[in-house]
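Read the numbers this way: they start at 1 and go in the same order the structure lists the ligands and their atoms.
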Amino acid sequence: MPKKKKSFQAPKGTFDILPSAQNVWETLRFTASRLADDFSYRRIDTPIIESSQLFETSVGTATDIVQKQMYTFKTSGGDVLTLRPEGTAPVARAYIENGLYNQPSPQKFFYMGPMFRYEQPQSGRFRQFHQFGFEVIGDEDPIYDAQLVQMIFALFDDFKITNLMVKVNSIGCKKCRQTFRNALIKYYKPQAKHLCKDCKTRLKDNPLRLLDCKDEKCIKVRSGSPQILDFLCGGCRKHFTEFLEILDEIEIRYTLDPYLVRGLDYYTKTVFEFFISNEENKDSRLPKSSSGPAIGGGGRYDDLYHLLGGRNTPAVGLAIGMERMMSIMQKNDVKLIAKKFPPVFLAYLGVPAKRKVIKLLSQLRHAGIVAGESFGKTSIGAQMKVADKIGAFYTVILGQKEILDNTAIIRDMHSGMQETVPRAKLIEVLKKRLG
Ligand code: AMP
């Protein structure tokens, strides 16, 4: 019995982006890049692989990302590398490594690309997913925290989606967070037996994360827990108040969420996450509740650059999950960027004409005319059907006679009128017709 051939599948939690889905991807990529340009954020691209230590040092060893989700491997040269699980640490590494601090501050960056996390795949959660993000490096002014939030509202506005909401909180600086941490441990310790398994570990490793656990039991315990805002030092309180005042000033709706902590070690002060609200927000300034998972989030990381061996550099940034964003775009019937279709189609009859067509395609391209073809179909009828389907305005037909005469037939696909022109004049005539 011949062995059955193995059929391959994309690895669990990954997916192909097929041509039929490219339109929505391109619309999001284009709109996000334009947003970056509009707000003077410059594109930066970093490698997909980084040293594992970069994430251990910045994201933190007590986080889910580092403990459970990194794709880490040893190269044959002995380096331990990780497929990037997030974009902020790589940008920080690039900033320090390339001495970008020598340029005027703040510097504003935009990145976009795939990220990798070994998670349990489910709706809206993948192992390879995509994010775009913005980073402002070298300024502590909360106006930048607010500008980032403003940009995401502007993006949703561009897509005419009105029910975006943002949850905000401050987790303070190292100093005030330490006092809060102690208060949390004091509150949670006697109730440890009521917590889920993960939270029992978090109580030891990362008590702040106790606050954003989604387990019913833990949510119950949380209801009486101390709140970070009561522990903020003078500086952090002022920073947060200013941030909220600016949001008010630019008329951004926000919801204070004392349990929002963002989990990663590098955050300080402002944190925020974006959701879709259950309600339209046209009239009401304060959305009541969110539905579904976060679309994106971010915050300030004033200690990150120091952690990575750079000088003290305040910074703030955010990342948006592109798959989640696109699912919202599709639910809201966002108008997609129209795909450019070729205005001209080249049809042929016979092998010599087919060879002329491949040459002609390139000549038309040089003249700035986009043309389609269907080399795989031999009958003129089948080729005309393709021309119709792609919406070509004109079809150029080359048959045996036209090859001998050095002419071409131009067919107006709308009226059906045909004209024979000398081949030497073809480009000139087409250009005139296409205007
Ligand atoms: P985070 O910084 O982890 O909050 O991620 C920012 C955003 O990226 C999230 O709000 C999601 O939209 C998206 N994201 C994070 N992890 C995944 C994942 N495993 N699959 C799909 N999207 C994700």
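In terms of polar-atom proximity, I320 is not counted as a contact of ligand 1, lacking any N or O under 3.5 Å from an N or O of the ligand. At under 3.5 Å, a nitrogen or oxygen of R117, whether backbone or side chain, sits near a nitrogen or oxygen of ligand 1. Geometrically, ligand 1 and E273 share no nitrogen or oxygen pair separated by less than 3.5 Å. When only interatomic distances are considered, the shortest N/O to N/O separation between G297 and ligand 1 does not fall below 3.5 Å.
Ionic pairing of K220 and E216 is not present here: no N-O contact between side-chain nitrogen and carboxylate oxygen is shorter than 4.0 angstrom. Remark: R209 engages D212 in a salt bridge, criterion side-chain N to carboxylate O under 4.0 Å. Residues D45 and R43 are paired through a salt bridge, judged by an N-O separation under 4.0 Å between the basic side chain and the carboxylate. The pair D158-R34 counts as a salt bridge, with a side-chain nitrogen and a carboxylate oxygen less than 4.0 angstrom apart. Between K269 and D302 there is a salt bridge, since a side-chain N of the basic residue sits under 4.0 Å from a carboxylate O of the acidic one.
G321 CA, 3.5 Å is the protein heavy atom nearest to atom 13 (C) of ligand 1. Ranking protein heavy atoms by distance to atom 12 (O) of ligand 1, first place goes to I295 O, 2.8 Å. Summary of contacts: the protein heavy atom closest to atom 11 (C) of ligand 1 is R324 NH1, 3.4 Å.
The aromatic rings of F375 and Y348 sit tilted, their planes meeting at an angle between 30° and 60°. Using bins of under 30°, 30° to 60° and over 60° for the plane-to-plane angle, the ring pair F15/W25 lands in the tilted bin.
Within ligand 1, the atoms closer than 4.0 Å to a non-hydrogen atom of G296 are 7 (C), 10 (O), numbered from 1 in the order shown. Close approach to G124 involves these atoms of ligand 1, each under 4.0 Å from a residue heavy atom: 20 (N), 21 (C), 22 (N).
Every heavy atom of E86 sits 4.0 Å or more from the atoms of ligand 1. Ligand 1 is approached by R262 to a heavy-atom distance shorter than 4.0 Å. E119 counts as a contact of ligand 1, since one of its heavy atoms falls under 4.0 Å from the ligand.
Side-chain atoms of L195 and C218, non-hydrogen and from C-beta on, do get closer than 4.5 Å to each other.
Counting heavy atoms only, F129 comes closest to atom 16 (N) of ligand 1 of the residues Y118, F126, F116, F129.
When the shell of 6.0 Å around CD of Q103 is examined, it contains more than 12 heavy atoms from other residues, nucleotides or ligands.
Residue Q131 touches ligand 1 through its side chain alone, judged by heavy-atom distances below 4.0 Å.
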